[in-house]
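Step one of this worksheet: look at the structure below.
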Amino acid sequence: MKSCKEISFLMSQRLDRPLTLAEKAAVQLHRLGCKGCSRYESNLRLIRKACKEAQRLSKE
Amino acid sequence: LARFGAKVNRDIGKKTMQQHDSDQSATPEPPSIMSAIHNSSPGQTQKQGKDNDHAPLSDADSLAQIRKDLIRFAMLHLRNAELAEDIVQDTLMAAFMGKEQFEQRSSMKTWVFSILKNKIINSHRDLWNKRRIELSGSADDDNEFDFLYKANAHWNPSERPASWGNPEISLDNEQFWQVFHICMTDLSESSARVFSMREFLELEVEEICQELQITTSNCYQLLHRARMKLRFCLQKRWFEQEHPS
């Protein structure tokens, strides 16, 4: 099983490139058993959302 | 303002020369129009005549407003007031120079912003090349977040990412944005640059790599570090703090 360190890196890359099938499986499997990483992923999603919002606000 | 005026006039000289080089038939704008960028008094802008009637750039109020918007946008990317001012000057200048090509486009604002966007990308690239920060992941950078993990590289229980509750609410909170900007400022220069190209300019990783001449794996690393740091900072400075929602 991959470590949280590796999985968090993959979760970041998921925002920049499509993961391979194996990587996707590793992330999904890991997330089932790891609260820390699933929270990390939703934190990252919020950061992306905040960036979009910041961009929108700065153009308003 | 006087200082800026002088700079503008210098730039006009430069730009008109360039324009002559590339296009002999181009008529350079008289400096009086350029000065409207700074001293946007109605008297001056009226002189601009009827050839740019539909352009809000000829209207003093909308010019001042668009300048303010451009600066705010540039600040988000460059995190440096002086740099932002300069780049907005250049942008408005380019907009004035190119307003003949504008004509059919629907939104003047969108067009001016697209000029600014390009200038920001160029500035990122130039600064990058100038500093040529050692990117290939130096050892201390790689270990920056090791305290978050135990020896087996799983989360340290005390640093395990927490649930952010209903984070949507935060986006409506003005204080959240202050913290957000502080956290952005905390990023190292190299990861901030890559992060802002990716998240604010919405470039693809391939485009960023091409602009900055870095490898994709380098780019993924830098983006990862930026997100790690930003998340950690928001966690500590916002989500773990008491604040009125």
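The sequence lines fix the lettering, A, B, ..., with proteins before strands; numbering per chain opens at 1.
Atoms OH and CE, on Tyr40(A) and Met228(B) in that order, are 4.5 Å from each other to the nearest 0.5 Å. Interatomic distance, CG of Leu203(B) versus CG of Asp16(A), reported as 11.5 Å (0.5 Å rounding). Rounding to the nearest 0.5 Å places CZ of Arg56(A) at 10.0 Å from CG of Leu171(B). With rounding to the nearest 0.5 angstrom, the CZ atom of Arg48(A) is 5.5 Å from the CZ atom of Arg227(B).
Contacts between Leu234(B) and chain A at a heavy-atom distance below 4.5 Å involve the side chain alone, from C-beta outward. Using a 4.5 Å cut-off between heavy atoms, Ser38(A) makes no contact with chain B at all. The part of Tyr149(B) that comes within reach of chain A is its side chain, from C-beta onward, which places non-hydrogen atoms under 4.5 angstrom from that chain. For a residue to count as touching a neighbouring chain, one of its non-hydrogen atoms must lie under 4.5 Å from one of that chain's; by this rule Ile7(A) does not touch chain B. If you measure heavy-atom distances from Leu223(B) to chain A, the contacts under 4.5 Å come from both the backbone and the side chain. For a residue to count as touching a neighbouring chain, one of its non-hydrogen atoms must lie under 4.5 Å from one of that chain's; by this rule Arg231(B) touches chain A with backbone and side chain alike.
Among pairs with a residue in residues 183-214 of chain B, those fulfilling ring pair (Phe, Tyr, Trp, His ring centres under 6.0 Å) read His77(B)-Phe200(B), at least two apart in sequence or across chains.
Phe145(B) has its side chain out of reach of Ser8(A): every pair of non-hydrogen atoms, C-beta onward, lies at least 4.5 Å apart. Here the side chains of Phe176(B) and Glu53(A) are not in contact, with every heavy-atom distance at 4.5 Å or above. Looking only at side-chain heavy atoms (C-beta outward), Gln55(A) and Glu199(B) stay at 4.5 Å or farther from each other. The shortest side-chain heavy-atom distance between Tyr220(B) and Arg17(A) falls under the 4.5 Å cut-off.
Within 6.0 Å of CG in Leu21(A) there are 12 or fewer heavy atoms belonging to other residues, nucleotides or ligands. The 12-atom threshold is exceeded at NZ of Lys236(B), counting heavy atoms of other residues, nucleotides or ligands nearer than 6.0 Å.
Checked by atom type and distance alone, the side chain of Arg39(A) never pairs as donor or acceptor with a backbone atom of Ala162(B) at under 3.5 Å. A distance-only check finds a donor-acceptor pair linking the side chain of Arg198(B) to the backbone of Leu15(A) [under 3.5 Å].
Using bins of under 30°, 30° to 60° and over 60° for the plane-to-plane angle, the ring pair His224(B)/Phe9(A) lands in the tilted bin.
The choice from Ser12(A), Cys37(A), Cys4(A), Gly36(A) that makes the most heavy-atom pairs within less than 4.5 Å of chain B is Cys4(A). Top candidate by heavy-atom pairs under 4.5 Å with chain A, chosen from Glu159(B), Glu202(B), Met75(B), Lys150(B), is Glu202(B).
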### Task
Given side-chain contact (heavy atoms from CB on, under 4.5 Å), test Leu46(A) with Phe239(B) step by step and report yes or no.
CA-CA 12 Å; Leu46(A) 179 82; Phe239(B) 291 101; 3.8 Å; yes
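For residues 177-184 of chain B, heavy-atom neighbours of chain A at less than 4.5 Å comprise Trp177(B), Phe180(B), sorted by residue number.
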